There are 2 protein chains.
Amino acid sequence: MNDRSAQRLALLQETLAGGGTLHLRDAASLCGVSEMTIRRDLSTQSSALALLGGRLVMASYPSSTPAYDLAEQQANDYPLKHLLCKRAASFIEEGDTLFIDCGSTLVPLLGQLGNFHELTVVTYALNVATAVSALPNVRLVLLGGLFYASSQSFGSDDMRAAIERIGINKAFISAAGVDCTRGVSCFHFHEVAPKQAAIACASQRLLVIDASKIGMIRPAYFASLNDFDIVVTNEDAAPALFTHFTGRVLTHLPVPSSFEQSC
Amino acid sequence: MNDRSAQRLALLQETLAGGGTLHLRDAASLCGVSEMTIRRDLSTQSSALALLGGRLVMASYPSSTPAYDLAEQQANDYPLKHLLCKRAASFIEEGDTLFIDCGSTLVPLLGQLGNFHELTVVTYALNVATAVSALPNVRLVLLGGLFYASSQSFGSDDMRAAIERIGINKAFISAAGVDCTRGVSCFHFHEVAPKQAAIACASQRLLVIDASKIGMIRPAYFASLNDFDIVVTNEDAAPALFTHFTGRVLTHLPVPSSFEQSC
DNA sequence: GCGAAAATGTTATAATTATAACATTGCATG
DNA sequence: CATGCAATGTTATAATTATAACATTTTCGC
């Protein structure tokens, strides 16, 4: 399996580059070989294509990867993020203009947006934009620029200026690290400008983080914990987070029990 | 089938809003019903979800819709666009910075980009951006703004200025209508600014249109035929196009036979 | 509570898709 | 031109997914 096989995969990949599915039967006739050969191509060579129930799809496309495999460990992770986003969504009101940060934490929030009549979403993340573009009730503003694959988001010099021109109501920010004394940080420096601009412009700022982020310090610092009005996190994690927290009082923290403002 | 059913679908849609697939088995256990019930929900109510080989996906997501159904009439249309794009791709050179227009015509071009070592793609279309984001060898610059679902693209006041700041090498432009005397037009007015800016800035301008567009006049005029250096179209359509064409001579028109410069 | 109708579950069966085993073709090398 | 090996095709069988039929449960009006 080498040259011919690779060529076939290239042709198929080319065909599917724009998205869509291709039945194995059609893929075979397109390449002028039998279905079995296509199957063997896929299992021998590694490619960007995936076979999903007899149909070929681009593996990198968002809808092809399993989102919720009950058998996998992700089943532990996903419901948590879903829960956090459900809490976060309780702060959304009809007509809001929301800034939604990049990363996977806030993705389940997007599903909740269908429950409103009219919203506006501002984002610099491609995965967020793709999900929101399918919602007829949500106006989408994508802040463009150069694409960074690592975070599926865009960076640009005038990101800050672009955000300042928009009347953002509520900012939903995610982070890769939160430390009581060292503040809130993320992995990629190009995320700093949009995050800071959104924090500066929004009238309400929400930080949404799961417990695993607490105590972590990541390369790109972008805010102090005090810059946020609301922190949404796991209940069991909340006390640990605020041990050395000396800033202003957090309101509306949706952690009903077990949370004590120990500072 | 009404209330309960709709709620289940809403939950599933929420779960899949961010993309990914959900096995029917998992969907059933998530909703606390049998697989059969989910199947019935899907077949009774219409929703944004699709069942693809035992897995649920968002139907609106690019990778879920069949791209090339050999049994359908699209099989007649797609190969043509593929052919046009193959010709158009022959003008691409290593290291180029390409402007790629919105619409479906240029989508097959994106598959060809994988054959190069390093390229930069500038676009204001979400579907183009999604496809290009999967290519590791292509730098992607997305021109953002307000999203227009009708053309899967973005519009913004400073689109023109943003394009002028980028050194665009070759502009690949599509159109919904081309008329010998009335010029080149499209359906949506927000497309005019980016198209015109790209035409103004690029050092080489290519118009890619299939024969069905010739003779059509659409609401939004954006260029004269003379503004383009190269026109890529079906061979049989070329002569008709240039009957009253009095502008400068087109070079590199990749229509080897049957084409006569009748002007 | 009773009975009808809707909703859901269960089972059987058909259709499709996946895997494995073996047959055939085609190409390169001596 | 025979030989061997890689590539592909064919067929059989297993596994999965889809559909249909019927059983059971739930819901709601009376």
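Order of the sequence lines fixes the chain letters, A, B, ..., with proteins taken first and strands second; residue numbering starts at 1 for each chain. Computed from a predicted structure; not experimentally measured.
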Using whole Å, what does the distance between atom [atom2] of nucleotide [N] and atom [atom1] of [X] come to?
X       : N      : atom1 : atom2 : value
A:Met36 : D:dT11 : CE    : C1'   : 11 Å
B:Leu51 : D:dA18 : CG    : C1'   : 9 Å
A:Gln7  : D:dT8  : CD    : P     : 11 Å
B:Arg39 : D:dT19 : CZ    : P     : 7 Å
B:Arg4  : D:dC28 : CZ    : P     : 8 Å
A:Leu42 : C:dT17 : CG    : C1'   : 14 Å
B:Leu9  : C:dT8  : CG    : C1'   : 15 Å
B:Leu24 : C:dG9  : CG    : P     : 12 Å

Check whether any side-chain N or O of B:Ser34 sits under 4.0 Å from OP1 or OP2 of C:dG9, and answer yes or no. yes
Any A:His23 side-chain nitrogen or oxygen under 4.0 Å from OP1 or OP2 of C:dT16: no
Pairwise 5' ranking along DNA chain C for B:Val33 and A:Gly53, keeping only the more 5' one: B:Val33
So if I take every side-chain heavy atom of B:Asp41 and compare against D:dT17, C:dT10, C:dT8, which nucleotide ends up nearest? C:dT8
When you measure from the side chain of A:Thr37, which nucleotide among D:dT8, C:dG9, D:dT17 comes out closest? D:dT8
Which heavy atom of A:Ala17 sits nearest to which heavy atom of B:Gly111, and what is that distance? CB-CA, 3.2 Å
Ignoring hydrogens and angles, does a donor from either the side chain of B:Arg40 or the base of C:dG9 sit under 3.5 Å from an acceptor on the other? yes
Assess the pair B:Tyr124 and B:Phe154: is the distance between their ring centroids shorter than 6.0 Å? no
Quick one: do the B:Ser133 and B:Thr130 side chains pair a donor with an acceptor below 3.5 Å? no
Could you work out, with ring pair (Phe, Tyr, Trp, His ring centres under 6.0 Å) as the rule, every residue matching A:His190, not counting sequence neighbours? A:Tyr148, A:His188
Applying side chain to side chain contact (heavy atoms under 4.5 Å, CB included), can you list everything that pairs with A:Arg55, at least two apart in sequence or on another chain? A:Thr21, A:His23, B:Leu52
